[in-house]
Structures are given as structure tokens and as C-alpha cells.
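Note sheet for the following structure.
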Amino acid sequence: MKELTVGKNDAGQRVDRYLAKTLPLLPASLCQKYLRLKRIKLNGKRAERDARLQEGDVLTLYINDAFFETPRPENAYLAVGTPRLNVVYEDDQILLVDKKPGQAVHPHDGAEYGKTLIDHIQAYLLAKGEWDPKAERSFAPALCNRIDRNTGGIVIAAKTAEALRIMNQKIKDREMEKQYLCVVHGTPKPREGRLEGFIFKDAVKNRVFVTKTSQPGSKTAVTLYRTLASRNGLSLVECELITGRTHQIRAMMAWAGTPLLGDGKYGKLDKRYQRNYQALYSYRLRFCFTTDAGCLSHLNGRSFQVREVDFVQEYFPDYKISQTS
């Protein structure tokens with residue numbers, strides 16, 4: 001039990017809004033539940049969520065001490081109300097999740113507590129009883145790969161420290177294949193091929209540049225692509241990363257003269273299409289281990305794929321994505 005005394009600067013606020021600011025780790029849905037259950041009282045009586053606070057009012061809260069902690073990345077899962085995940089595959093070691101565009105995978109500069117993908121994954125595993133942060137001294141479920149906020153697709157999360165170690169090594173050793181779908185302006189020439197160059201990252205501008213020849217600080221970049229369909233000046237293209245550089249597909253497709261639809265960073269936004277973020281999706285993943293995979297050996301040779309991709313349905317409604325298993 002804890003008590004909060006309302007100061008002069010907080011007077012006039014509604015109870016629920018005051019609590020949201022004071023306890024950012026307390027999910028709004030849980031706050032409403034506690035109010036209904038009378039676990040939050042105002043001056044000794046049941047607190048109504050829309051009651052206006054006065055200076056000197058005392059709120060008594062019978063809630064978990066964890067919600068009074070200072071928000072930080074390690075406890076952001078507490079701010080998740082109901083976890084929302086699109087699970088592609090799950091076992092006792094890993095979790096494959098279809099991340100939708102617009103969601104960050106990790107908190108950025110301490111913001112978005114309870115909204116990022118890792119927050120929802122940790123809250124999901126906590127609710128299932130598969131993770132107990134109080135019992136674990138050093139490990140927390142973690143992501144093995146990342147996807148840009150406005151790119152959708154499959155993200156791998158490790159449930160155990162062993163799975164995290166092995167999967168990170170497999171990614172480093174490129175013992176898996178990742179295929180992306182994207183919509184580009186125009187039609188690639190040739191319709192199927194290999195893009196190879198060098199990528200230099202400008203951290204200040206948060207973008208990369210592709211060149212034919214090596215530059216100081218640049219790294220090789222190779223992308224395989226094939227055109228699946230063309231319609232109304234747009235093409236649906238499948239890409240496979242041979243290397244995994246920052247913004248690789250976006251930058252290399254633009255470099256090849258066919259920038260991604262909606263990509264204002266490496267191309268130009270077309271007002272005919274109401275899309276202001278890149279049409280890019282990491283839609284298929286295949287594990288092809290060539291060395292021992294320990295507790296993840298059962299995944300070798302298996303492929304996983306998302307159920308649907310929004311821009312395929314929107315711009316190429318007659319195209320059917322082949323399913324894998």
C-alpha cells in the first residue's frame with residue numbers, strides 16, 4: 001500500500017489522468033480495473049476515475065510495488081495492458097512474431113514504454129508463466145534480429161539464454177535465409193538479378209549510400225531480387241539478403257533506379273498513392289543450419305511465413321503468395 005498526496009500543481013486533474021502521469025508503468029486497463037475493485041481510494045473512499053483532485057487530497061493505492069518503479073527499458077513490460085502479438089511460430093525456446101509497420105522493436109531514448117515489440121513479448125511470456133523476472137537474475141526474453149519501425153515482418157525472440165546465444169551465432173554465420181517482399185516504382189531490369197555494391201552509413205543523416213567501388217568505411221552489400229508481378233507502373237519484387245546492411249534493400253533498389261513505394265528517404269513520395277512509409281516486408285524465414293544448433297536443431301530446414309502482406313493485397317490483389325510450411 002502506498003499513499004500519494006496531491007500538490008497544488010496537480011490539483012484540478014481527473015484521477016485517472018493523474019495516475020497515468022504519476023505511474024507510467026501502470027496500464028490504463030489495469031488502472032480502471034483497480035478503480036472498480038476499490039483498490040484505489042480517494043480520501044478513504046472509492047475513487048471515481050473522473051473525479052477532480054484538490055490540493056491535499058490523498059490517494060491510497062493497494063497495488064503491486066513494481067508499478068511505482070522508475071520507468072526504464074528493463075521494466076517496460078509492466079506498462080503493457082493486454083499483450084498484442086501476431087505469433088507465426090512458438091516452442092519452448094523461441095518465438096517468431098509478425099511485427100506490423102509502425103511499431104518499434106525496442107524503446108528509443110527511453111520513450112514508448114509498453115508499446116514496443118519487446119515489451120509485448122515479455123508481457124506475453126510473463127502472462128503465460130514462461131518468464132518470471134523476479135526469479136531470473138540476468139536473463140530476460142530478447143530479440144535476435146531487428147526490423148525498422150516502418151518495415152513489417154518476422155522477428156525472432158529467444159525465450160532462453162541458450163536459444164539466444166545459439167540464434168545470434170546462426171544469424172552471424174548466415175545460417176538462415178530471409179526473403180522480403182517490396183513494391184517498387186517501375187520494373188527492374190533485368191526482371192531478376194543480383195545487385196552488388198558497397199554501402200556506406202552516414203550516422204548523422206541516418207541513411208546509407210551505395211557505390212560501385214569501395215569507399216573508406218563502406219561494406220560490401222549483395223541483394224538478390226526477382227520481379228513477381230507488374231501493374232500500373234509498380235512492380236512486386238521479392239528480395240533476398242546475402243548481406244544484412246542497414247536499409248540495404250531500400251538503398252539498393254533506389255540505386256538500381258526502382259525505389260520503393262512510399263520511401264521518402266531513398267526515393268520520392270508519389271501523391272497518387274497515400275503511402276508515406278516504405279512498402280517492405282520480411283515475409284519469409286528459413287533455417288538452414290550447417291553446424292550444430294543444440295536446442296534449436298528441430299528448426300533446421302523449416303520455413304516460416306507471414307499470413308498476409310497489406311500492400312500485396314492493395315496493389316496486386318490478383319497475386320497469391322505461395323505458402324510454405
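Computed from heavy atoms alone, side chains included, the values below leave out hydrogens, waters and symmetry copies.
In this structure, Arg275 satisfies the cation-pi test against Tyr277, with its NZ or CZ atom closer than 6.0 Å to the six-membered ring centre and inside 45 degrees of the ring normal. Annotation: cation-pi pair Lys2/Phe68 present, NZ/CZ under 6.0 Å from the ring centroid and within 45° of its normal.
Considering only residues two or more places apart in sequence or on other chains, Asp292 meets the side chain to side chain contact (heavy atoms under 4.5 Å, CB included) condition with Ser297. Legend: residues meeting side chain to side chain contact (heavy atoms under 4.5 Å, CB included) with Lys265, ordered by chain and number and at least two apart, are Asn206, Arg207, His247, Arg250, Asp263.
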Stepwise salt bridge (Lys or Arg N to Asp or Glu O under 4.0 Å) check, Lys8 with Glu55: CA-CA 5 Å; Lys8 181 179 180 180; Glu55 183 180 2; over 6 Å; no

Between Thr291 and Lys170, does the side-chain hydrogen bond (donor to acceptor under 3.5 Å, both in side chains) criterion hold? Intermediate values first, please. CA-CA 9 Å; Thr291 57; Lys170 296 303 180 186; 2.6 Å; yes

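Remark: the Glu196 side chain and the Thr220 side chain contain no N/O donor-acceptor pair separated by less than 3.5 Å. Defined by atom type and a distance below 3.5 Å, a donor-acceptor pair is missing between the side-chain atoms of Thr246 and Gln248.
Between Asp270 and Lys268 there is no salt bridge, since no side-chain nitrogen of the basic residue lies less than 4.0 Å from a carboxylate oxygen of the acidic one. Ion pairing between Glu192 and Arg226 fails under the 4.0 Å rule for side-chain N and carboxylate O.
What you find for Tyr319 and Ala229 is that their closest heavy atoms are CD1-CB, 4.2 Å. Closest of all the heavy-atom pairs between Ile118 and Pro141 is CD1-O, 3.4 Å. Looking at every heavy atom in both residues, Thr151 comes nearest to Lys99 through O-NZ, 2.9 Å. Considering all non-hydrogen atoms of both residues, Cys31 and Leu26 come closest at CB-CD2, 3.8 Å.
Through direct or indirect side-chain contacts shorter than 4.5 Å among Ile, Leu, Val, Met, Phe, Trp and Tyr, Val210 is connected to Tyr180, Val184, Leu195, Ile199, Val208, Tyr225, Val237, Leu241, Ile249, Met252, Met253, Trp255, Leu260, Tyr266, Leu280.
Classified by interplanar angle (parallel below 30°, tilted 30° to 60°, perpendicular above 60°), the ring pair Tyr89/Phe304 is tilted.
Annotation for Lys219: atom NZ does not count as buried by contact number, only 12 or fewer foreign heavy atoms lying within 6.0 Å. More than 12 heavy atoms of other residues, nucleotides or ligands shown are found within 6.0 angstrom of CZ on Arg286. Atom NZ of Lys172 has 12 or fewer heavy atoms from other residues, nucleotides or ligands within 6.0 Å.
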